[in-house]
Amino acid sequence: MKSRVLLGVTGGIAAYKTPWLVRLLVESGMDVHVVMTRAATQFVTPLTLATVSGNRVEHDMWEKPFEPQIEHITLADQADVAVIAPATANIIGKIASGIADDLLTTMFMAVTCPALICPSMNVNMFRNPVVQRNLNRLRELGYHVLDPASGYLACGWVGEGRLPEPECIVEEIRGLLAPRDLEGENVLVTAGPTEEPLDPVRFLTNRSSGKMGVAVATRALARGAHVTLVAGPINIPVPQGLKHVPVRTAQEMHDRVMEVSSRMSVIIKAAAVADFRPAVESADKIKKEFAEPHIPLAPNPDILKALGARKRPDQILVGFAAETGDAVENGRKKLVSKNLDLLVVNDVTRPGAGFDYDTNIARFLHRSGLEEEFEIMPKRKVADLILDRVRDLRKNLKTGGER
Ligand code: CTP
């Protein structure tokens with residue numbers, strides 16, 4: 001059955017992003033019911049949101065003739081998740097104070113499902129202690145608050161207050177709808193490339209956007225795990241609520257990972273670590289007339305191998321392998337030599353797999369010998385499949401089963 005999203009839209013300029021938000025939610029298979037405040041209808045029309053959601057949009061309590069069902073209660077009862085985006089200072093203040101004087105506030109007061117508030121306003125309004133106090137009050141009461149992004153604001157100011165991109169809001173909503181089946185797990189994920197400096201302006205690196213690792217971290221967080229993300233230089237948003245440890249080189253990634261690895265119950269190594277670094281890093285930019293045509297290289301530590309060597313019996317270790325040749329045979333060797341429970345193999349030569357794509361074509365090699373091959377699918381879905389296997393492995397370990 002489709003998850004039902006109750007989306008409240010209030011009167012801020014960021015309301016212009018809501019048709020896109022609704023569209024993304026509908027594309028993700030959700031049934032979206034929009035309720036607008038009167039001010040919101042000045043920024044985006046009910047007709048637009050009705051068209052993209054495929055459902056009637058409500059904005060006036062008194063507009064319709066009497067119906068035996070009490071509409072705001074029915075809408076609230078049937079929702080799996082309730083969201084207000086954008087949420088103005090006004091609605092935040094009203095909800096925090098228990099005011100219910102229109103359809104949206106009345107309905108929001110009656111919801112019992114998880115509720116997400118996405119504030120969006122001028123930076124000085126957002127920083128106003130009254131707004132901050134109201135937001136803290138809402139957090140204490142169990143509302144989820146998605147912090148606004150920073151950047152150019154419609155009022156001309158620069159600072160926090162922007163409504164996060166609809167893709168981020170969808171991810172938050174998915175998180176609230178996800179089963180909390182990884183609660184109690186401490187998950188460490190590595191992501192992205194590493195950069196190995198040659199001089200202050202040049203470096204060696206691996207092709208990697210970090211999308212796969214960030215997808216795993218995002219989904220693990222949504223499913224209730226504590227998540228630490230050790231990531232090389234990446235250019236994609238990382239969700240709030242996880243511990244993000246940015247690193248640059250393989251050696252730094254190794255050191256940060258080793259510092260925390262003993263506290264982790266699950267380690268998923270999606271990073272594309274550079275196997276070699278320039279043996280010498282020049283403090284000054286190397287001038288071309290003095291440059292050697294050869295760059296001597298030194299090996300980097302194999303982080304995954306080190307983790308495999310010190311793996312505790314209760315730890316679950318997942319590796320990735322980007323292959324271009326005989327993916328399965330190479331993968332099996334890696335699974336054994338690095339003492340892994342699961343290896344996710346991508347043949348990066350196949351279209352739709354690997355770098356920069358939002359999709360991946362994965363094959364899972366299990367320690368037990370089991371092999372699974374999947375069709376092309378979004379990286380988020382691959383992430384969920386990996387985490388499903390982790391959950392199953394944990395169940396198995398708890399009941400004394402084999403890995
Ligand atoms: N990895 C690592 N440290 C390294 C190299 C790789 O932790 N120095 C991890 C990656 O994060 C990935 C896995 O090892 O989970 C496999 O990486 P890959 O580059 O495919 O394999 P390598 O072991 O480096 O072997 P090769 O490059 O020879 O295929």
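Order of appearance sets the numbers: ligands from 1, and atoms from 1 within every ligand.
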Is a salt bridge present between [X] and [Y], judged by a nitrogen-to-oxygen distance below 4.0 Å?
{"X": "Lys311", "Y": "Asp341", "value": "yes"}
{"X": "Lys381", "Y": "Glu375", "value": "no"}
{"X": "Lys285", "Y": "Asp199", "value": "no"}
{"X": "Asp181", "Y": "Arg223", "value": "yes"}
{"X": "Arg139", "Y": "Asp147", "value": "yes"}

Measuring from the heavy atoms of [X], does anything fall under 4.0 Å of ligand 1?
{"X": "Pro301", "value": "yes"}
{"X": "Ala250", "value": "no"}
{"X": "Lys338", "value": "yes"}

Out of Leu304, Leu307, Val257, indicate the one that has the non-hydrogen atom closest to atom 7 (O) of ligand 1.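 Nearest heavy atom to atom 7 (O) of ligand 1 lies in Leu304.
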Check whether Ser265 reaches the backbone of Asn186 with its side chain - one donor and one acceptor, N or O, closer than 3.5 Å.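 Yes; judged by distance alone, with no hydrogens or angles, the pair exists.
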So, the side chain of Arg312 versus the backbone of Ser262: is there a donor-acceptor pair under 3.5 Å, distance only?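 Yes; judged by distance alone, with no hydrogens or angles, the pair exists.
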Can you classify the ring geometry of Phe108 versus Tyr143 as parallel (below 30°), tilted (30 to 60°) or perpendicular (above 60°)?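 Parallel.
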Which one holds for Lys305 and ligand 1: side chain close, backbone close, both close, or neither close, with close meaning a heavy atom under 4.0 Å?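 For Lys305, no heavy atom sits under 4.0 Å from ligand 1.
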Polar contacts were defined as any N/O atom of the residue lying under 3.5 Å from an N/O atom of the ligand; does this apply to [X] and ligand 1?
{"X": "Ala271", "answer": "yes"}
{"X": "Thr190", "answer": "no"}
{"X": "Glu323", "answer": "no"}
{"X": "Ala274", "answer": "no"}
{"X": "Lys269", "answer": "yes"}
{"X": "Gly319", "answer": "no"}

Starting from [atom], locate the nearest protein heavy atom and write down its residue, its atom name and how far away it is, to 0.1 Å.
{"atom": "atom 5 (C) of ligand 1", "answer": "Asp275 OD1, 3.1 Å"}
{"atom": "atom 13 (C) of ligand 1", "answer": "Phe320 O, 2.9 Å"}
{"atom": "atom 3 (N) of ligand 1", "answer": "Ile303 N, 3.0 Å"}
{"atom": "atom 18 (P) of ligand 1", "answer": "Lys334 NZ, 3.6 Å"}

Can you name the residues that form a salt bridge (Lys or Arg N to Asp or Glu O under 4.0 Å) with Glu259, not counting sequence neighbours?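 In terms of salt bridge (Lys or Arg N to Asp or Glu O under 4.0 Å), with neighbours along the sequence ignored, Glu259 is linked to Arg256.
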Taken in chain and number order and not counting sequence neighbours, the residues that satisfy salt bridge (Lys or Arg N to Asp or Glu O under 4.0 Å) with Arg38 are none
Establish whether atom 28 (O) of ligand 1 and some protein heavy atom are separated by less than 4.0 angstrom. no
